[in-house]
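What follows is a short report on a single structure.
Both ligands and their constituent atoms are indexed starting at 1 by order of listing.
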Amino acid sequence: MARITASVYTSHVPAIGAALDLGKSDEPYWQPVFKGYEFSKQWMKDNQPDVIFLVYNDHATAFSLDMIPTFAIGTAAEFAIADEGWGPRPVPKVIGHPALASHIAQSVIQQDFDLTIVNKMDVDHGLTVPLSLMCGVKDPVKDAWPCPVIPFAVNVVQYPVPSGQRCFNLGKAIAKAVESFDEDLNVHIWGTGGMSHQLQGPRAGLINKEFDNAFLDQLIANPADAAAIPHIDYVREAGSEGIELVMWLIARGAMKDIANNTVSARARHRFYHVPASNTAVGHLILENT
Ligand code: DHB
Ligand code: FE
């Protein structure tokens with residue numbers, strides 16, 4: 001039987017990818033950011049998953065205003081690295097897990113969540129930056145990511161966006177789906193994006209450390225309250241792009257303590273840093289106990 005053993009949460013700031021790709025990670029501006037992921041890279045090696053279920057958002061790269069799926073699951077055997085205007089990032093292509101992905105699609109749709117099935121999709125910084133942060137620098141040809149990845153794209157770019165509550169409930173359904181897969185797989189679920197940031201308009205550059213840290217506290221110890229935050233509060237408090245945080249609730253909803261009603265996931269690592277480009281970087285690793 002497959003099981004989820006841990007969840008990982010991290011921001012996906014594209015400039016972090018550029019800093020890694022251009023060899024700038026030792027510069028004084030970036031050093032404190034990457035220092036926060038030293039523990040995490042070792043933890044990934046010590047707790048190697050068989051599959052990563054990676055919840056992220058596409059930034060009008062694979063999708064556009066032509067078509068806006070609220071929730072899209074990548075069922076392909078592999079996913080190319082997207083060209084976001086400067087050529088694709090020099091990182092390995094992403095190998096999928098079609099058997100587990102199609103099982104999750106079947107189970108989650110039968111649990112009444114409407115998913116879009118995506119058999120061809122390029123993946124942008126929303127997915128590749130978290131992989132780089134957690135797995136380190138990789139050669140695009142000679143290296144590979146440590147395991148297959150199932151991309152799960154959430155629309156947080158174009159209104160209407162899904163509520164945090166729906167995302168939390170979807171996480172519960174994903175956990176049930178994984179547990180009914182008839183193969184012994186260790187699965188990590190990642191919630192990415194956030195924390196507070198606003199990239200445009202009069203409030204561009206907004207950062208809210210208080211909101212971010214309260215959200216981290218709540219996500220660990222009081223996730224049901226975090227799930228109840230209405231979308232307008234994210235926008236007001238964490239900026240227009242702060243809404244990316246609803247994706248963290250999918251990963252949190254998939255943890256065992258939620259199904260068991262115990263709120264006992266173990267926080268292995270917590271990190272928060274400002275600045276990184278226009279965004280507050282937040283990062284958390286939770287293990288099932
Ligand atoms: C930035 C952050 C994002 O989440 C994103 O998608 C694009 C840019 C930034 O901080 O610059
Ligand atoms: Fe983003």
Side-chain angles (χ1 to χ4, degrees), residues 8-22 24-25 27 29-34 36-37 54-65 68-72 74 79 81-89 91 94 121-134 149 151-159 161-162 164 167 190-209 211-212 215-216 231 234-235 237-251 271-284:
V8 171
Y9 309 80
T10 180
S11 308
H12 64 214
V13 185
I16 291 176
L20 287 170
D21 301 343
L22 300 171
K24 294 185 172 184
S25 50
E27 288 187 357
Y29 180 87
W30 290 112
Q31 245 178 7
V33 176
F34 292 111
Y37 289 82
L54 206 159
V55 181
Y56 78 109
N57 70 290
D58 177 79
H59 298 75
T61 306
F63 307 122
S64 69
L65 292 182
I68 306 165
T70 303
F71 300 118
F79 303 89
I81 306 303
D83 182 347
E84 298 181 63
W86 299 270
R89 284 194 62 214
V91 294
V94 171
M121 175 166 70
D122 291 358
V123 287
D124 75 9
H125 69 270
L127 183 131
T128 63
V129 168
L131 278 177
S132 293
L133 279 169
M134 295 299 293
V149 174
F152 190 88
V154 179
N155 170 41
V156 287
V157 168
Q158 178 63 41
Y159 274 80
V161 298
C167 288
W190 294 13
T192 63
M195 298 199 89
S196 58
H197 62 306
Q198 170 143 348
L199 300 177
Q200 70 278 303
R203 296 202 309 162
L206 177 146
I207 298 287
N208 187 341
K209 292 185 186 177
F211 176 90
D212 289 340
F215 184 82
L216 290 169
H231 83 268
Y234 289 101
V235 178
E237 299 293 329
S240 50
E241 278 65 51
I243 191 68
E244 288 178 349
L245 282 171
V246 294
M247 296 185 288
W248 294 32
L249 288 161
I250 297 179
F271 174 64
Y272 183 76
H273 177 78
V274 179
S277 189
N278 304 292
T279 302
V281 168
H283 173 42
L284 202 58

ask   = Between Asp124 and His59, is there a donor-acceptor pair closer than 3.5 Å when you use the side chain of the first and the backbone of the second?
value =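 The answer is yes, because a donor-acceptor pair under 3.5 Å joins these two groups.
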
task = State whether the side chain of Arg89 and the backbone N or O of Thr128 hold a donor-acceptor pair below 3.5 Å, judged by distance alone.
result =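 The answer is yes, because a donor-acceptor pair under 3.5 Å joins these two groups.
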
key: Ligand-side contact atoms (ligand 1) for residue partner Glu244, heavy atom cut-off under 4.0 Å   = 4 (O)

Decide, counting backbone as well as side-chain atoms, whether [X] has an N, O or S atom less than 2.8 Å from the Fe ion (ligand 2).
X: His197; value: no
X: His125; value: no
X: Glu244; value: yes

Identify the heavy atoms of [X] and [Y] that sit nearest to each other, and give their distance.
X: Gly282; Y: Ser11; answer: N-OG, 3.0 Å
X: Ser196; Y: Asp212; answer: OG-OD2, 2.7 Å
X: Asp122; Y: Ala62; answer: O-CB, 3.6 Å

ask   = Which single N/O/S atom of His12 lies at minimum distance from the Fe ion (ligand 2)?
value = NE2

Residue, atom name and distance, where the atom is the protein heavy atom closest to [atom]:
atom: atom 1 (C) of ligand 1; result: Pro14 CD, 3.6 Å
atom: atom 11 (O) of ligand 1; result: Ser277 OG, 2.6 Å
atom: atom 3 (C) of ligand 1; result: His197 NE2, 3.4 Å
atom: atom 2 (C) of ligand 1; result: Thr279 OG1, 3.3 Å

query = Strictly under 4.0 Å, does any heavy atom of Glu241 approach an atom of ligand 1?
reply =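 False for this residue.
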
key: Donor on one side chain, acceptor on other, Glu84 and His125, under 3.5 Å   = yes

query = Looking at Tyr37, Phe34, Tyr9, Phe271, which one forms a ring-ring contact (aromatic ring centres under 6.0 Å, His included) with His283?
reply =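 The ring-ring contact (aromatic ring centres under 6.0 Å, His included) with His283 is passed solely by Tyr37 among Tyr37, Phe34, Tyr9, Phe271.
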
